[in-house]
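To start, the structure under review is shown below, and the notes come after it.
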Amino acid sequence: MHFSPIFILDFGLMAMLLVVAFAVVRIRSLFAIVMLQGVYSLLSAAWFVSLDAVDVAFTEAAVGAGISTVLMLGAMLLTDRQAKPIPVHQKMGPFLVVVVAGLAMFYAIGDMPAYGDALSPANAYIGAEYIEATKREIFIPNVVTAVLASYRGYDTFGETVVIFMAGLGVLLLLGLNGNAGKWRAKPNGHNIGEGAPTPARNPVENEPKPVAKSTKAKRTAKKTVGVKS
Amino acid sequence: MSPHLVLRVVAKMLIPLIALFAFYVQFHGDFGPGGGFQAGVILAAGIILYALVFGIDAAKKAVPPSWIRIGMSFGVLLYGGTGVATWMLGGNFLDYTQFAPESTHAAGQHWGIFAVELGVFCTVTCAMLAIFYAFGSRTPELSDEDW
Amino acid sequence: MSIEVLQMFISAALIVSGVFFVLAGSIGIIRLPDFYTRMHAAGMTDTLGAELVILGLMVQSGFTQTSLKLLLIAFFLFLTSPTASHAVANAAHQAGLKPLLGHFRAPNPGEAVVEEEEEH
Amino acid sequence: MDIVSIFPAWVLTHGPALLVVLPLMMAVLTALAPNKNIAGVNIPWVMTGGTVVVCAILAFSVLMQVLSHGPINYAMGGWEPPIGIAYYIDALNAPILLLITLVAVLCTLYALPSVSAEVEPKKRAPFYAAFLVSFAGLLGMVTTGDAFNVFVFLEVSSISTYVLVAMGASRDRRALTAAYNYLIMGSIGATFLVIGIGFLYMQTGTLNMIDIARILQESGPDSRVVKLAFAFIVVGLGLKLAMFPLHTWLPGAYAYAPSFMTAFLAATATKAALYLLLRFTFTIFDPSWGFVGKSLMYLLAGMGILGMMVASLQAIFQNDLRRVLAFSSVAQVGYMLLGIGMATTLGVTAGYLHMINHAIMKGALFLAVGAFWYRFGITQVSDMRGLGKTMPLTMAAFTIAGLSLIGVPGTVGFVSKLALARAAAENGWWWAIGVIVVTSILAIVYIGRLIEQAYFHEPPNQGGGTLAKNEAPLIMLIPLWILAISALVFGINAEWTTSLARTAADVLSGGPIVNMPYIAGGH
């Protein structure tokens with residue numbers, strides 16, 4: 001095993017990813033977690049560059065480190081600044097799943113092709129053909145774009161629909177003006193159910209307080225505490 | 001005087017450049033890294049920066065929420081419409097060669113890729129803004145002391 | 001001395017000094033006592049250190065497209081890093097975070113400097 | 001063949017792609033449609049209804065074509081597989097396409113009153129759009145012959161389903177937690193699936209299912225990467241199809257989703273995932289390989305049996321009407337897994353048949369429950385008192401479907417349980433027959449409880465007198481009764497459904513794709 005700069009870079013980045021991932025799991029301040037996730041994204045973007053996956057790195061940097069950090073911060077402002085502690089017994093299940101999945105992957109390492117092996121099936125079969133065929137059939141220098149938009153354009157269509165659906169889902173559930181969730185469904189006849197709210201009761205009455213107001217109050221409360229301490 | 005004078009000045013300088021970069025990434029995607037996804041995110045980031053610095057109401061004046069649903073749908077329609085157009089021309093779904101079957105340099109492919117990337121761009125920009133507006137609007141406003 | 005060697009030396013000098021500032025800034029972030037002073041160190045890392053490294057790289061690549069791109073990066077860093085430092089420090093100030101003041105009072109101008117330790 | 005020649009040639013060639021693209025495009029247009037009624041016509045509903053009807057016709061043409069001319073290949077973008085994405089439809093997935101589209105037609109019919117009672121007026125257009133996206137996603141999952149495309153459409157259908165489940169929040173706020181739970185579990189499942197597909201790609205270098213199968217046949221089962229891929233894919237799909245210990249998302253999602261969505265989900269979503277499980281285990285992997293055969297027998301059949309027992313018991317102790325049926329769904333998935341786990345032609349036939357039949361009866365049950373809510377706001381079992389008098393037609397359809405769930409002779413439930421028992425006997429799994437009998441008795445308990453409440457109790461007093469008779473509107477009764485009657489028709493004359501299931505199982509055993517060896521009999 002030779003310690004080329006690329007090798008050291010790869011391992012250094014992976015080690016940093018690991019450290020950041022542990023920090024994200026351990027820390028309970030949501031603000032710090034959001035920031036660390038941005039750090040994680042930037043690190044993985046750097047790692048993708050070292051793997052020569054520039055397009056992926058670009059996406060990761062733009063989406064992971066850029067916009068999702070802002071969106072997470074926006075979401076965090078509406079909730080709280082601290083995560084609630086989770087009792088250990090609730091953590092055991094996910095922990096076991098992670099350990100088992102990780103061990104399974106370790107089990108398979110022996111039969112995986114070597115890192116960067118040009119003759120591995122993933123690189124030699126369709127991968128190589130894409131590179132050849134793009135030159136021959138599409139005439140654009142960026143093979144990634146050719147695969148994404150033409151050879152596997154149908155997948156990208158599906159992904160576009162996923163993004164559309166994400167936006168539509170937000171529109172449906174939250175609304176763009178922050179006033180969703182007040183409307184109540186009513187049965188069309190007599191309501192004799194226990195679970196459903198009766199039509200006689202005023203639905204606004206037992207609404208929780210408007211979210212924005214309560215978080216605001218909480219925030220100012222936190223702030224004064226922060227200054228005093 | 002606003003405590004954010006510096007931020008405002010710098011943001012005013014940067015936002016047009018961010019938008020320009022988004023379009024560069026969009027239209028240069030055939031040659032360098034990039035494409036509709038990245039470009040859409042970058043443009044949305046520019047608008048979000050505007051919202052953060054100048055307030056979400058100003059951003060809503062610049063990019064009204066009513067555009068968002070239309071923009072999102074338009075993107076998917078453009079993508080799917082490209083496929084429908086290839087159907088009309090007698091090919092399979094998304095078979096871009098139908099646009100210019102005689103071309104030796106795959107002009108049809110270029111047109112098809114251009115159209116679908118534009119569709120992705122529209123959808124991504126508007127979806128990102130939709131999410132941001134939805135979360136951003138739930139606080140009364142992003143007032144100064146919050147940032 | 002040929003132009004290449006000169007180029008090399010200038011770029012090396014720039015990069016080394018940039019790295020020095022980055023190192024100093026990093027140590028500063030760890031060692032300095034409070035938020036504002038750390039901010040100072042961090043701002044230096046971002047702005048001066050990074051700018052000098054980029055300048056060095058520009059000198060190394062000569063008049064090429066890469067150099068132009070580096071110039072753009074330098075320009076954006078020059079704009080954004082100080083702004084970011086300013087925004088963070090300003091936010092801390094707005095939120096009411098007081099800077100940590102030392103045990104020594106600044107002497108009035110004209111008076112002799114008397115080193116007088118205050119009681120804790 | 002006569003029926004095939006009705007359709008124009010273009011539809012026959014491009015129908016499979018149109019089947020998925022049409023609802024997607026219409027979803028987008030529906031999202032832009034006005035929410036208000038124009039000239040008394042509910043525009044989003046008409047658009048949705050038209051789309052699903054056209055899709056049902058297309059699915060029918062696809063099925064007829066597959067049955068008469070053999071499998072359909074369709075290369076997206078004109079790129080032949082393996083370089084491009086291909087659709088591959090044979091007798092295994094064509095019936096599921098028809099099933100999904102027909103259920104969607106019935107559910108959409110039912111949705112007109114149901115959605116106007118349950119969804120905020122200004123959100124109806126995007127709601128229908130989300131439904132169409134979910135529908136298209138399921139169709140895409142089933143039609144595609146490309147392993148990664150499966151994941152893409154799984155995401156398309158899942159994300160829209162999470163949103164639709166959360167839309168139940170206007171009825172019960174717990175819908176939000178249920179949707180969140182579903183989101184987390186579903187995302188974990190999708191992650192497992194995509195990791196598994198990634199490992200398959202690592203081993204074979206291709207994503208086309210047929211190509212993967214060919215390469216795996218050449219290289220053999222010895223690679224650990226293949227085993228790992230299999231494990232990840234089974235776990236991922238297991239989460240999606242609510243295999244027993246991974247079913248925790250299902251009761252909540254079914255209990256709090258809007259009524260018509262619950263019926264649609266229960267009748268289609270797990271079926272599509274089950275189809276994928278069949279496709280992956282039997283076509284891409286090979287049941288004659290030791291690890292595949294063993295996990296079919298021990299894991300799938302074992303978990304199926306456990307699920308049948310435990311979920312049936314849990315169903316007995318539920319107070320929420322839809323939770324009873326949801327736990328029963330988990331149990332019924334167990335029946336299907338038991339059939340598939342036998343890995344014999346008879347077993348797979350029985351599992352497949354039960355999949356179709358379960359869609360019919362569970363669809364009817366959930367539609368009826370939705371009608372109960374629509375008229376009386378009923379969600380709890382104890383509120384069902386006297387429904388036999390107040391909603392006689394709805395309750396009759398509910399009873400037919402309930403009896404079918406128990407497995408009373410003359411209903412579809414009996415047909416598939418009998419087929420399953422036969423397959424078990426042929427396999428020598430006598431204990432499995434015992435389990436089937438026991439769970440059927442448990443089904444008598446939990447369904448009997450509901451029917452007893454409805455018929456042997458007086459309607460509650462409401463405002464002085466007893467509750468007046470108030471039948472569900474006709475447009476809700478029609479789809480309900482179509483399902484209930486088909487539960488009887490296919491129960492008495494099961495030839496058509498059985499032959500469909502049989503052809504599907506033959507596809508797996510005969511293997512027109514590549515000559516897949518297929519284990520027959522027990523091992």
Side-chain angles (χ1 to χ4, degrees), chain A residues 53-59 61-63 66-68 70-78 134 136-142 144-146 148-150 153-154 156-157 159-171 173-180 210-213 215-216 219-220 223, chain B residues 25 28-42 44-45 48-49 52 60 65-66 68-69 72-73 75-76 79-80 82-83 93-94 96-97 105-107 109-110 112-114 116-117 119-120 123-124 126-140 142 145-146:
Chain A
V54 195
D55 280 83
V56 187
F58 194 5
T59 318
V63 179
I67 211 150
S68 65
V70 178
L71 294 180
M72 292 293 267
L73 278 179
M76 192 195 74
L77 278 178
L78 300 177
T134 306
R136 197 173 59 234
E137 294 167 342
I138 302 194
F139 298 97
I140 61 172
N142 188 351
V144 177
T145 304
L148 213 68
S150 189
Y154 192 62
T156 313
F157 182 46
E159 295 294 350
T160 312
V161 173
V162 167
I163 293 171
F164 166 77
M165 194 54 233
L168 195 71
V170 167
L171 286 183
L173 295 177
L174 297 178
L176 289 188
N177 297 315
N179 53 3
V211 182
K213 207 171 184 179
T215 41
K216 179 103 182 173
R219 216 178 304 142
T220 41
K223 199 178 293 159
Chain B
V25 170
H28 203 252
D30 297 358
F31 304 98
F37 278 105
Q38 293 94 329
V41 169
I42 291 170
I48 289 175
L49 177 64
L52 291 180
K60 278 187 176 173
S66 56
I68 281 177
R69 205 199 304 187
M72 264 180 354
S73 312
V76 180
Y79 205 129
T82 312
F93 189 68
L94 294 176
Y96 310 135
T97 31
H105 244 256
Q109 289 288 339
H110 292 186
I113 291 174
F114 180 81
V116 300
E117 291 277 6
V120 173
T123 304
V124 171
C126 293
M128 291 296 160
L129 281 181
I131 300 173
F132 178 75
Y133 279 171
F135 283 110
S137 306
R138 282 180 89 89
T139 40
L142 296 167
E145 70 243 36
D146 289 343

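Below, each value reflects all heavy atoms present in this structure, side chains not excepted, and no hydrogens, waters or symmetry copies. Naming convention: chains lettered A, B, ... in sequence-line order (proteins, then strands); numbering from 1 in each chain.
- Between chain A and the options G75(B), A127(B), G112(B), C126(B), heavy-atom pairs under 4.5 Å are most frequent for A127(B).
- With values rounded to the nearest 0.5 angstrom, I163(A) atom CD1 is found 6.0 Å from M128(B) atom CE.
- We find the CE-CZ distance between M76(A) and F135(B) to be 12.5 Å, quoted to the nearest 0.5 Å.
- At a 4.5 Å heavy-atom cutoff, T82(B) makes no contact with chain A through either its backbone or its side chain.
- Residues V76(B) and F164(A) come closest through the heavy atom pair CG2-CB, 3.5 Å.
- Screening I113(B), T97(B), L94(B) against S150(A) for a side chain to side chain contact (heavy atoms under 4.5 Å, CB included) leaves a single residue, I113(B).
- Here the CZ atom belonging to F58(A) is positioned 4.0 Å from the CD1 atom belonging to I42(B), to the nearest 0.5 angstrom.
- Remark: A106(B) pairs with F139(A), Q109(B) by the side-chain contact (heavy atoms from CB on, under 4.5 Å) rule, at least two apart or across chains.
- Top candidate by heavy-atom pairs under 4.5 Å with chain B, chosen from G167(A), A61(A), A166(A), P141(A), is P141(A).
- The structure places OG1 of T145(A) at 6.0 Å from CD of E117(B), a figure rounded to the nearest 0.5 Å.
- How far CZ of F31(B) is from CG of N142(A): 10.0 Å, rounded to the nearest 0.5 Å.
- For the atom pair L49(B) CG and I67(A) CD1, the distance stands at 11.0 Å (nearest 0.5 Å).
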Report all side-chain donor-acceptor pairs from residues 32-40 of chain B shorter than 3.5 Å, counting only partners two or more places apart or in another chain.
| unit_1 | atom_1 | unit_2 | atom_2 | d |
| --- | --- | --- | --- | --- |
| Q38(B) | OE1 | G35(B) | N | 3.4 |
| Q38(B) | NE2 | D55(A) | O | 3.4 |
| Q38(B) | NE2 | T59(A) | OG1 | 2.7 |

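- When all heavy atoms of R69(B) and L171(A) are compared, the pair lying nearest together is CG-CD1, 3.7 Å.
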